[in-house]
Amino acid sequence: MPVDNRPPAKKMKFSPGGGFTNGVPVFQKLQQIRRNLPIFSAKRKLIEELRRLDTAIVIGETGSGKTTQLPQYIFEERLHKNMIIAITQPRRVAAITVAQRVAQERGSEPGHVVGHCVRFEDMTSEKTRIKYMTDGMLLREAILDPLLKRYSFVILDEAHERTIHTDVLFGVVKQAQKRRKLRNLLPLKIIIMSATMDVDHFSQFFNKAPVLYLEGRQFPVQVYYSREPQSDYVFAAVVALFQIHREEPADQDVLIFLTGQEEIDSVVRSIHEIAKGMVGDAPPLVVWPLYAALPSHLQLKAFNPAPKGTRKVIVATNIAETSITIHGISFVIDTGVVKAKIFTPRSGLDLLKVVKLSKAQALQRSGRAGREAAGTCYRLYTEEEFQHFPDNTIPEIQRCNLSSVALQLLAMGITDIVNFDFMDKPSTESLIGAVHQLHTLGAVIKENTIKLTATGKRMAAFPLDPKLSKTLLIALELHCLEEVLTIVSMLSVDSVLFTPQRKREEALAVRQKFVSSDGDHITLLNIYKAYKGVKGNKEWCHENFINGRNMSKAMDVRKQLRQICDSQTLAVKSCGQDTSIIRRCLAAGLFMNAAELQREGDVYISLTTREPVHIHPSSALFRCKPACVVYNELVKTSKCYMRDLSVVDPDWLYEAAPAYFKRKKPSKK
DNA sequence: TGGGTGAAC
């Protein structure tokens, strides 16, 4: 998550054990706050149950205090047997901020008894017993230690979000618990914490584990449905906003949920237009867009309180559903739609589609109006439409390419992936497809069982898509790891190009100096080099329409990948100016993502699926028509688009994977 | 000539 959105007013500085506010020691004050949380009255009962049970499901609404308090109760009662209590979170920022808060409550320094561990930031020590971490981090650790021997408790928090990592962890911790019991090791206690969703489902999966309910502290939200179905949700959202604006007090802010960047920018513009033309006594409006691709300084605008007598309107994607909390929202306008990525295992294709919400998601959105006071939610769909929404969002694990997950499971020693104990099993087709892809990359061999090769083991060490980790290993052989590390890092963060619609021409012109006729990969390499040359200067980023946040993330990723190379003693060498060797690597790693220009001129055909594909308009090669390309990913919107491409020689593809292309019969020149 | 919801190792 890009920004720290806590309001400065609540960001009191606490010093461990000391410090005073209004004459009351801070530590005492915090203990008082702890005792006032809804969970406190259930403390005795919870401890008793957790002492007795191996696995428990804890259900608590927002504000119950379960995330901060439950681990402390376990610690205070010494249930953890002086081992570590892990608490996983789907998001980095949550893991970091909650850990800091709990450290304050315990009057200890962050990183001592209470610590956090997220990618790029390990704030733990040998003293740490309460460890907040991302779910992906615990999964990484499970590769090195599938029995999770350092932990006596694993608490999977926000389980209802069903991130791909949490879903894999369900099976991993269940297996670890069972195997520890069989080997007479110290028991592993498992706690699943969730909002009120999927309760029975969780319980069933964990051998009918008991469910403990906690009271929450959420303000009531009045929900209104549209009387008629709306054909144009964008228009309806604007109408609803101005209805609120005319009738409600100015200090009550509005949050509108829409689907994407372009839609949001255009709605922000039309709200401005309409507000300008308004006569009468409606208060002034400030309107801010909010989506992940927005540079940080623009995102931060949404958090500033509006001037007195002014209404603030935030027009956001689902980033405001869970990831970012905006304070002071009284009204939510929910359009009932979201843009979602859907993976089709057969063609290996990501579809980006506007789809209906689930009931759970709609509830989450309306809840955003009741964080600090009673609020109102306008749903721009009828109650009957709502009844037809699916109950829950399809878990991520059923919507994603699983090659990375399959590699991780294999690295943990789990060979029978198709029969792995998933809470909601992905389709067999997509599991087999994932293993097949690993096989094609040389990461596994199929004998009686599926086994990781030496290459596969090396690949699993990298937090990357297997295609990209393979590309790194090829770069090692071809002595251009220096460059390919950079390219792979740039590919594994969100786009570093920021192209505002109104300054499109300017952005493209000023970035032209980075563009390489070899394609996007070399262009990304040029951008990274230039960025390093100016030492990550913010103004430079701004002038060149480069997203500084994502650039600095790419740099962090590169540093991490570099460390993994060093720890595996892989020599990081440079190829100097010879970009053809880099493209040779890319061809050898991405051969499954290759396409050829058809003789008739415009259209490319994917060598894997034989489907027509197109060069994405954001590509450096958009106006060029090279005969043969490899690409990083395929996205279907209005057409099938290849993103992040490089020009390659068809011979390189054949040389890299002769068996693969023998079957596919490429049209050799 | 057309578009990139959101997280994470």
Side-chain angles (χ1 to χ4, degrees), chain A residues 1-2 88-95 117-122 133-144 158 161-169 257-266 290-294 316-324 335 337-342 350-355 357 361 364 393 396 399-400 404-405 407-408 411 460-466 468-469 489 492-501 504 508 547 550 553 556-557 560-561 563-564 602 614-619 621-624 632-633 635-641 643-644:
Chain A
M1 213 215 329
T88 67
Q89 297 291 321
R91 281 169 293 281
R92 289 166 52 86
V93 178
C117 184
V118 299
R119 190 180 190 183
F120 313 130
E121 200 177 309
D122 183 359
M133 60 205 301
T134 44
D135 48 8
M137 202 54 154
L138 185 60
L139 200 55
R140 273 274 139 203
E141 282 189 12
I143 293 180
L144 300 172
E158 311 286 2
E161 290 195 22
R162 304 293 305 274
T163 69
I164 192 162
H165 295 140
T166 298
D167 259 35
V168 178
L169 280 172
F257 283 104
L258 286 167
T259 65
Q261 179 176 337
E262 202 179 339
E263 198 175 82
I264 286 169
D265 288 339
S266 103
L290 186 63
Y291 43 82
L294 205 63
T317 59
N318 48 350
I319 193 171
E321 231 172 72
T322 50
S323 315
I324 282 181
T335 52
V337 280
V338 66
K339 207 177 269 190
K341 207 178 221 177
I342 304 161
D350 280 331
L351 272 149
L352 209 55
K353 242 178 105 179
V354 174
V355 296
L357 298 184
Q361 247 175 323
Q364 179 75 35
T393 313
E396 205 181 0
R399 290 184 284 126
C400 283
S404 211
V405 165
L407 186 60
Q408 279 181 319
F462 293 99
L464 291 170
D465 182 288
L468 295 181
S469 22
S489 305
S492 64
V493 299
D494 287 331
S495 174
V496 299
L497 311 179
F498 179 66
T499 317
Q501 215 166 10
R504 213 186 122 266
L508 296 185
N547 184 318
N550 291 341
K553 236 187 259 174
D556 288 339
V557 172
Q560 186 190 27
L561 298 180
Q563 273 166 8
I564 296 169
D602 250 10
H614 304 263
I615 296 180
H616 195 278
S618 67
S619 170
L621 298 177
F622 182 58
R623 285 191 178 81
C624 316
N632 189 47
E633 62 174 355
V635 173
K636 185 169 178 176
T637 49
S638 57
K639 285 177 186 170
C640 255
Y641 286 106
R643 301 178 60 95
D644 296 317

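A note on names: the letters A, B, ... follow the listed sequences, proteins ahead of strands, and every chain is numbered from 1.
In this structure, the CD1 atom of Ile319(A) is 10 Å from the C1' atom of dA7(B), given to the nearest Å. One can place CZ of Arg91(A) at 16 Å from C1' of dC9(B), the figure rounded to the nearest angstrom. Between Arg92(A) atom CZ and dA7(B) atom C1' the separation is 11 Å, expressed in whole Å. The CG atom of Leu169(A) sits 15 Å away from the P atom of dA8(B) (whole-angstrom rounding). Between Asp135(A) atom CG and dG6(B) atom C1' the separation is 14 Å, expressed in whole Å. Taking atom CD of residue Glu161(A) and atom C1' of nucleotide dT5(B), one finds them 14 Å apart after rounding to whole Å. Glu262(A) has its CD atom 14 Å from the C1' atom of dT5(B), to the nearest Å. Following rounding to the nearest Å, Ile324(A) (CD1) and dT5(B) (P) show an atom-to-atom distance of 15 Å.
Leu139(A) places a side-chain heavy atom less than 4.5 Å from the side chain of Gln408(A). In this structure the side chain of Cys624(A) never reaches within 4.5 angstrom of the side chain of Ile615(A), judged on heavy atoms.
Among the nucleotides dT1(B), dC9(B), dT5(B), the one closest to the side chain of Arg140(A) is dC9(B). Checked against dG6(B), dC9(B), dT5(B), the side chain of Gln408(A) finds its nearest nucleotide in dC9(B). In the set dT1(B), dT5(B), dA7(B), dT1(B) carries the atom at the smallest distance from any side-chain atom of Arg623(A). Nearest to the side chain of Pro463(A), among dA7(B), dT1(B), dC9(B), sits dC9(B).
If you check every strand for non-hydrogen atoms under 4.0 Å, Thr259(A) touches sugar and phosphate atoms only. Here Val354(A) lies out of heavy-atom contact (under 4.0 Å) with every strand. Residue Glu321(A) is classed as having no contact, given no heavy-atom separation below 4.0 Å to the nucleic acid. If you check every strand for non-hydrogen atoms under 4.0 Å, Asp494(A) touches a base. Counting non-hydrogen atoms under 4.0 angstrom, Tyr291(A) reaches the backbone sugars and phosphates but no base. No engagement by His614(A) is indicated, since no non-hydrogen atom pair under 4.0 Å with the nucleic acid exists.
Qualifying side chain to side chain donor-acceptor pair (under 3.5 Å) partners for Glu396(A), counting only residues two or more places apart in sequence or in other chains: none. Thr335(A) meets the side chain to side chain donor-acceptor pair (under 3.5 Å) test with no other residue; sequence neighbours excluded.
A donor-acceptor contact under 3.5 Å is formed by the side chain of Arg504(A) with the base of dG2(B).
In this model, no donor atom of one side chain and acceptor atom of the other lie less than 3.5 Å apart for His165(A) and Thr163(A).
Side-chain N/O atoms of Lys341(A) include none lying less than 4.0 angstrom from OP1 or OP2 on dG6(B). OP1 or OP2 of dG6(B) sits under 4.0 Å from a side-chain N or O of Thr317(A). At dC9(B), one or more side-chain N or O atoms of Thr134(A) fall inside 4.0 Å of OP1 or OP2 (strictly under the cut-off).
Of the residues near DNA chain B, Gly136(A) and Lys636(A), the one whose nearest nucleotide (by heavy atom distance) lies more toward the 5' end is Lys636(A).
A donor-acceptor distance shorter than 3.5 angstrom exists from the side chain of Asn550(A) to the backbone of Ser495(A), with no hydrogens or angles considered.
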